[in-house]
Amino acid sequence: MALLTLLIFISLAAGGAGVYLLLTPSRTGRRLKTLSEPLARPAWEATLAQVCTPFAQLSTPSGNWDQSALRLRFIAAGFRRDDARLIYFGAKTLLPLLFAGAAWLLLRSVFHPEGSSLLLWVTGAALAGCYLPNLVLGLCLRRRTRQIFDSFPDAADLMLVCVEAGLGLDAALGKITDEIRFSSAALAEELQLTRLEMRAGGTREKSLHNLALRTGLEEVGIFATMLTQSDKFGTSLGDSLRVFSEDLRTKRQLRAEELAAKVPTKMLIPLVLFIFPSILMVIIGPTAIVIIRTMLPALGGQ
């Protein structure tokens, strides 16, 4: 019996490991996929843009889009296509109508509210649909910014190695782009755009300033200012990069410690709602059953 149980366990473990290896791509597969067509556009994006374009005109604000702060948020979040804003404003037009209609149908068919209560729920659903694109944009921006921040100290260390090895800034940026793209595609994309802008004839100061604007990170702005001043005043770039990379590593470590310090507070609500009731039920449950079985007959007899 024990041998049969062991064989069943080994079979299940091997099957689970096989499914995991089959569904999880290897590191070589991820690199090949990154090198093949990283900028390929899914077909559903074009279809979604065509659907949202007629409705986007109803909620698109007037003014110069190229100078707006929302455009910088789109760029920092990684949405650089022209139809991204059409999808955004089209969703802000369609989602309130869809959410309000779905809430009205659900409430009328299930809960049957009347008067102001029905109007309140429908209005809340419409507001949720209106602010949902803002929430999605904010989440995408936060995720991409965090990815760039986490990988930027490694890029600064790699640039320090390249500069001390005798490479120029353009060659160092190309080397960093080739190496960092496997761990952070967002940072590699930004550095590649900066390198292409320099090669197209843009000044180094302007290209680095645009890099800071696209990422929206204070550390990247400091990095751009440091490189510009080193190039302008002729100071040692290696010494500046060494101090800067050490400061970045310290900031990343402090951020990791801050996130680790927040874990007990975040675990408090799941512990109180799910873990503690289960523990109390396991510990006190048998005792409560014995007490009830002992005391109830005695009370009934009295």
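Here the side chain of Ser207 pairs no donor or acceptor atom with the backbone of Arg204 at under 3.5 angstrom. Side-chain atoms of Ser151 never come within 3.5 Å of backbone atoms of Ile148 as a donor-acceptor pair (strictly under, hydrogens ignored). When atom types are taken as modelled, the side chain of Thr228 and the backbone of Ala224 share a donor-acceptor pair closer than 3.5 angstrom. Formation of a donor-acceptor pair under 3.5 Å by the Thr294 side chain with backbone atoms of Ile291 is not found in this model. Of the possible donor and acceptor atoms, one in the side chain of Arg144 sits under 3.5 Å from a partner among the backbone N and O of Ala76. For Thr215 (side chain) and Ala212 (main-chain N/O), a donor-acceptor pair under 3.5 Å exists by modelled atom type. Between the Asp247 side chain and the Val243 main chain, no donor and acceptor come within less than 3.5 Å of each other.
The structure places CZ of Phe149 at 10.0 Å from CD of Glu218, a figure rounded to the nearest 0.5 Å. Between Trp121 atom CH2 and Leu107 atom CG the span is 7.5 Å, to the nearest 0.5 Å. To the nearest 0.5 Å, atom CG of residue Leu158 and atom OG1 of residue Thr177 are 9.5 Å apart. Here the CG atom belonging to Leu191 is positioned 6.0 Å from the CG atom belonging to Leu211, to the nearest 0.5 angstrom. Expressed to the nearest 0.5 Å, how far OG of Ser184 lies from CD of Gln147 amounts to 4.0 Å. Here the CG-CZ distance, from Leu94 to Phe99, works out to 11.0 Å after rounding to the nearest 0.5 Å.
For the residue pair Thr194 / Arg214, a side-chain donor-acceptor distance below 3.5 Å is found, with atom types taken as modelled.
Here the closest heavy-atom approach between residue Asp150 and residue Arg252 is recorded as O-NH1, 2.7 Å. For the pair Leu248 and Ala156, the tightest heavy-atom approach, listed with the atom from each and the gap, is CD1-CB, 4.1 Å. Between Phe79 and Ala84, the shortest heavy-atom distance links the atoms CB-CB, 3.9 Å. Among all heavy-atom pairs drawn from Pro286 and Met281, the shortest one is CD-O, 4.0 Å. Considering every non-hydrogen atom in both Arg73 and Gly138, the closest pair reads NH2-CA, 4.0 Å. In terms of heavy-atom proximity, Cys162 sits nearest to Lys175 at SG-CG, 3.9 Å.
The same ILVMFWY cluster, assembled from side-chain heavy atoms under 4.5 Å apart, contains both Ile279 and Ile284. Cluster annotation: Met198 and Leu227 are assigned to the same hydrophobic cluster (Ile/Leu/Val/Met/Phe/Trp/Tyr, side-chain heavy-atom contacts under 4.5 Å, transitive). A single hydrophobic cluster is seen to contain both Leu268 and Leu280, as judged by linkage of ILVMFWY side chains at heavy-atom distances under 4.5 Å, directly or through other members. By the rule that hydrophobic residues join a cluster once side-chain heavy atoms approach within less than 4.5 Å of another member, Val272 and Ile283 end up as members of one cluster. Cluster annotation: Leu132 and Leu139 are assigned to the same hydrophobic cluster (Ile/Leu/Val/Met/Phe/Trp/Tyr, side-chain heavy-atom contacts under 4.5 Å, transitive).
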Please determine whether side chain to side chain contact (heavy atoms under 4.5 Å, CB included) holds for the pair Leu70 and Arg85, giving the CA-CA distance in whole Å, both sets of side-chain angles, and the decisive distance to 0.1 Å. CA-CA 9 Å; Leu70 183 59; Arg85 64 188 180 101; over 6 Å; no
Run the side chain to side chain contact (heavy atoms under 4.5 Å, CB included) test on Leu187 and Ile176 for me, step by step, so that the C-alpha distance in whole Å, both residues' side-chain angles and the decisive distance to 0.1 Å come before the verdict. CA-CA 10 Å; Leu187 181 57; Ile176 294 170; 6.0 Å; no
Side chain to side chain contact (heavy atoms under 4.5 Å, CB included) between Arg195 and Gln192, worked out: CA-CA 5 Å; Arg195 184 188 178 196; Gln192 180 67 14; 4.1 Å; yes
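Between Leu173 and Met159 there is a side-chain heavy-atom pair separated by less than 4.5 Å. The side-chain heavy atoms of Pro270 and Ile275, taken from C-beta on, include no pair separated by under 4.5 Å. Within the 4.5 Å cutoff, the side chain of Val136 has heavy atoms near those of the Cys140 side chain. With contacts defined as side-chain heavy-atom distances shorter than 4.5 Å, the pair Ser183/Ile180 qualifies. Here the side chains of Tyr131 and Leu135 are not in contact, with every heavy-atom distance at 4.5 Å or above. Inter-residue side-chain proximity for Leu118 and Arg108 is flagged as met; some heavy-atom pair is nearer than 4.5 Å. For the pair Arg146 and Arg142, the minimum side-chain heavy-atom distance is 4.5 Å or more. Leu167 places none of its side-chain heavy atoms less than 4.5 Å from the side chain of Val163.
Across Val161, Leu160, Asp157, a single residue satisfies side chain to side chain contact (heavy atoms under 4.5 Å, CB included) together with Leu241, and that is Leu160. Of the candidates Glu257, Glu219, Glu258, Glu246, Lys251 forms a salt bridge (charged side-chain N to carboxylate O under 4.0 Å, His left out) with just one, namely Glu219.
More than 12 heavy atoms of other residues, nucleotides or ligands shown are found within 6.0 angstrom of CZ on Arg255. More than 12 non-hydrogen atoms from other residues, nucleotides or ligands lie less than 6.0 angstrom from CG of Leu273. Taking a 6.0 Å sphere around CD of Glu205, one finds it holds 12 or fewer heavy atoms contributed by other residues, nucleotides or ligands. Counting heavy atoms of neighbouring residues, nucleotides and ligands inside a 6.0 Å radius, atom CZ of Arg80 exceeds 12 of them.
Aromatic rings of Tyr88 and Phe74 (six-membered ring for Trp) have centroids within the 6.0 Å cut-off, being under it.
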